[in-house]
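Everything below concerns the one structure shown next.
Just so you know, ligand 1 is whichever comes first in the structure, and atom 1 is the first atom listed for that ligand. Given the structure is predicted, the values throughout are model-derived calculations rather than measurements. Computed over heavy atoms, backbone and side chain alike; hydrogens, waters and symmetry mates excluded.
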Amino acid sequence: MHIAVIGGGVAGLVAALECAKVGTRVTVFEASDQLGGAARTVELDGLPVDMGADSLTPALDDRLRDLGLGDALGVPETETRWVAGVPGVDAAPLPDDTVLGIPENMFSDASRRILGTGGAWRAYMDRLRPPLTIGHEQDLAKLVRTRMGQKVLDRLVAPLTAGVFGTTPDRIDVDLAAPGLNAALTRTGSLSGAVAAVRSDESGVRGLVGGMARLVDALAQRLALLEVEVRTQAAVTSIERSGDEWVVSVDAPEATDAATTFDAVIVACDESAARRLLAPVVTDLDAAAQTAAEIETVALVVDAPALDNRPRGAEIVTVPGSHRARSALHLTAKWGWLAHRAGVGRHVIRVSFDATLTAELNDDELIALACDEASTLFGTTVDPGAVRASWRTRLSVTPPRAVRGQVDAAARVRRAVEAVPHLAATGAWLSGSGLAQVAPDAAAAADRLRRSMLF
Ligand SMILES: Cc1cc2nc3c(=O)[nH]c(=O)nc-3n(C[C@H](O)[C@H](O)[C@H](O)COP(=O)(O)OP(=O)(O)OC[C@H]3O[C@@H](n4cnc5c(N)ncnc54)[C@H](O)[C@@H]3O)c2cc1C
């Protein structure tokens with residue numbers, strides 16, 4: 001049995017490993033010249049810089065230990081997030097007592113600074129309203145607006161959902177994003193009481209010393225041990241059923257064998273590529289319910305001693321529409337191991353934009369824009385002349401599971417795909433964004449495919 005896995009992101013690598021572990025022959029096709037997809041790391045000025053994912057959750061601990069990465073786990077130096085673009089406030093730290101940006105104490109210094117006195121009192125109305133006047137509300141925007149007012153929604157919740165989930169609060173399903181919050185609201189009688197009941201002081205966020213390359217390399221090494229063939233710069237252009245086999249056509253520089261046959265195919269690309277490959281062979285494939293936002297991320301290694309004292313914590317998110325950048329991540333503030341390697345005065349920052357804003361910019365223009373926005377957001381000069389190295393990359397921000405309708409839409413796609421013999425699909429567009437969702441989903445999809453071939 002020979003299985004083709006299309007896509008060398010974490011989903012594809014995990015699916016390939018799952019198949020190879022039980023002795024199945026596997027070939028992985030990756031369109032770009034590097035494995036990892038949205039979890040790729042690039043080397044800049046001698047430093048490993050994560051261009052997409054940089055954080056993990058405890059849900060992945062067992063898998064990481066299995067890969068020999070238990071000792072590589074580390075916790076962030078700081079997780080403090082700031083928000084910029086609040087009218088009348090330059091930039092301020094987000095309160096640390098929130099769930100999805102909803103504050104437990106609207107009168108804390110941090111909340112009051114962002115909400116203003118009027119906004120804080122409006123939020124306090126939540127404590128005076130009967131809990132059942134609105135019933136069980138699944139729409140995060142409606143829940144927050146009704147109970148705590150527009151300022152909590154616009155200034156605390158929306159910047160966070162845009163920065164973290166890449167979407168707007170009206171698309172977030174409260175029950176999926178914050179399980180137990182609605183029940184706690186009924187129990188405690190207020191939204192702030194519910195936040196207090198479900199909030200944990202421990203975020204559980206962790207990273208890998210050395211960056212996500214450690215995970216991608218560990219997966220690639222396991223695949224090599226199991227004699228999996230991994231082909232980079234090998235973009236699959238089509239898959240076609242021919243008798244009992246799949247014909248996989250590849251566009252690759254050294255393609256002597258432009259088409260190859262396989263017993264089964266696992267499509268593990270991002271949504272648009274996956275849909276292009278699946279549409280001709282899967283009937284009833286739903287049209288895309290929503291298109292993932294495209295972002296362009298610019299990583300800079302820069303000499304900026306003023307950043308040594310982490311002026312804006314780990315990350316600064318912006319009120320949607322207030323700045324050209326969506327967010328800026330200060331990686332040498334967040335990860336101690338990276339700061340140590342960078343040394344005093346040298347910093348790694350990552351600035352993200354809507355891709356439509358930067359599409360026409362050449363590299364120098366983009367670096368200038370990124371430095372300009374970083375200067376505003378970090379409140380200190382980030383000089384383009386002090387940039388030692390930079391990297392730009394476009395990534396699609398796949399909706400998380402918590403986006404309303406995502407789970408049902410993914411289930412419909414999966415049913416349609418798995419109705420085709422010896423075909424499977426996995427990846428963030430089906431599991432929901434985030435490595436803790438992607439990895440188990442890929443393992444499960446591979447397992448279902450193998451079983452379907454045995455029986
Ligand atoms: C900016 C950003 C930050 C993030 N931060 C975090 C975080 O901190 N923690 C976390 O858990 N998650 C994070 N995520 C989400 C996480 O990175 C993704 O959910 C996950 O990496 C997606 O993996 P995947 O394998 O499904 O897809 P991808 O990583 O997109 O991989 C798909 C692969 O398929 C390849 N491909 C596409 N078309 C073809 C083709 N025709 N032939 C062959 N190959 C093809 C692509 O080149 C790509 O390598 C972040 C995402 C982004 C964008």
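- Close N/O approach between Ala428 and ligand 1 is found [any backbone or side-chain N/O within under 3.5 Å].
- Distances below 4.0 Å separate heavy atoms of Gly7 from the following atoms of ligand 1: 34 (O), 35 (C), 44 (N).
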Test salt bridge (Lys or Arg N to Asp or Glu O under 4.0 Å) on Asp66 and Arg63 and set out the steps. CA-CA 5 Å; Asp66 244 27; Arg63 203 171 286 276; over 6 Å; no
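- Looking only at side-chain heavy atoms (C-beta outward), Arg155 and Val83 stay at 4.5 Å or farther from each other.
- Applying the salt bridge (charged side-chain N to carboxylate O under 4.0 Å, His left out) test to every pair with at least one member in residues 320-332, sequence neighbours left out, gives these pairs: Arg324-Asp372, Arg324-Glu373, Arg326-Asp354.
- The closest donor-acceptor contact from the side chain of Ser55 to the backbone of Val205 lies at 3.5 Å or more, if one exists at all.
- Distances from ligand 1 to the non-hydrogen atoms of Asp54 include at least one value under 4.0 Å.
- Distance screen at 4.0 Å: atom 27 (O) of ligand 1 has no protein heavy-atom neighbour inside the cut-off.
- Per-residue contacts place Ala235 under 4.0 angstrom from the following atoms of ligand 1 (heavy atoms of the residue considered): 42 (N).
- Between Ile6 and ligand 1, a contact under 3.5 Å exists for no N or O pair.
- Of the N or O atoms in Val10, one or more lie within a sub-3.5 Å distance of an N or O in ligand 1.
- Listed here is the closest heavy atom pair of Phe29 and Ala4: CE1-CB, 3.9 Å.
- At least one N/O-N/O distance between Glu30 and ligand 1 falls below 3.5 Å.
- Distances below 4.0 Å separate heavy atoms of Ala273 from the following atoms of ligand 1: 37 (C), 38 (N).
- Residue Met51 places no N or O, backbone or side chain, under 3.5 Å from any N or O of ligand 1.
- A donor-acceptor pair shorter than 3.5 Å can be found between the side chains of Thr168 and Asp170.
- The existence of a salt bridge linking Arg412 and Asp408 is excluded, since no basic side-chain nitrogen approaches an acidic carboxylate oxygen closer than 4.0 Å.
- Polar contact check, Gly427 against ligand 1: no nitrogen or oxygen pair lies under 3.5 Å apart.
- For the pair Glu418/Leu449, no side-chain contact is recorded, criterion being any heavy-atom separation below 4.5 Å from C-beta on.
- Counting heavy atoms under 4.0 Å from ligand 1, residue Leu56 does not touch it at all.
- Residues Val413 and Trp429 meet the side-chain proximity criterion, which asks for heavy atoms closer than 4.5 Å.
- Within ligand 1, the atoms closer than 4.0 Å to a non-hydrogen atom of Ala11 are 24 (P), 25 (O), 26 (O), numbered from 1 in the order shown.
- If you look at Ala234 next to ligand 1, the close heavy atoms, those under 4.0 Å, all belong to the backbone.
- Thr358 and Arg392 form no side-chain donor-acceptor contact under 3.5 Å, judged by distance and modelled atom types alone.
- Per-residue contacts place Gly37 under 4.0 angstrom from the following atoms of ligand 1 (heavy atoms of the residue considered): 29 (O), 31 (O), 48 (C), 49 (O).
- The salt bridge (Lys or Arg N to Asp or Glu O under 4.0 Å) test applied to Glu365 returns no partner, not counting sequence neighbours.
- Close approach of ligand 1 to Gly9 is summarised as follows: ligand atoms under 4.0 Å from at least one heavy atom of the residue are 25 (O), 31 (O), 33 (C), 49 (O).
- Residue Gln34 has no N or O atom closer than 3.5 Å to an N or O atom of ligand 1.
- Considering backbone and side-chain atoms together, Leu435 places an N or O closer than 3.5 Å to an N or O of ligand 1.
- For ligand 1, the atoms closer than 4.0 angstrom to any heavy atom of Ile295 are 1 (C).
- The residues Asp441 and Arg414 are annotated as salt-bridged, a charged nitrogen and a carboxylate oxygen being separated by less than 4.0 angstrom.
- Contact check on Asp139 versus Arg404 returns a salt bridge, with a Lys/Arg side-chain nitrogen under 4.0 Å from an Asp/Glu carboxylate oxygen.
- In summary, the atoms of ligand 1 found under 4.0 Å from a heavy atom of Ala38, numbered by their order in the structure, are 17 (O), 21 (O), 28 (P), 29 (O).
- Nearest-residue assignment for atom 50 (C) of ligand 1 (options Cys269, Ala268, Ala53; heavy-atom criterion): Ala53.
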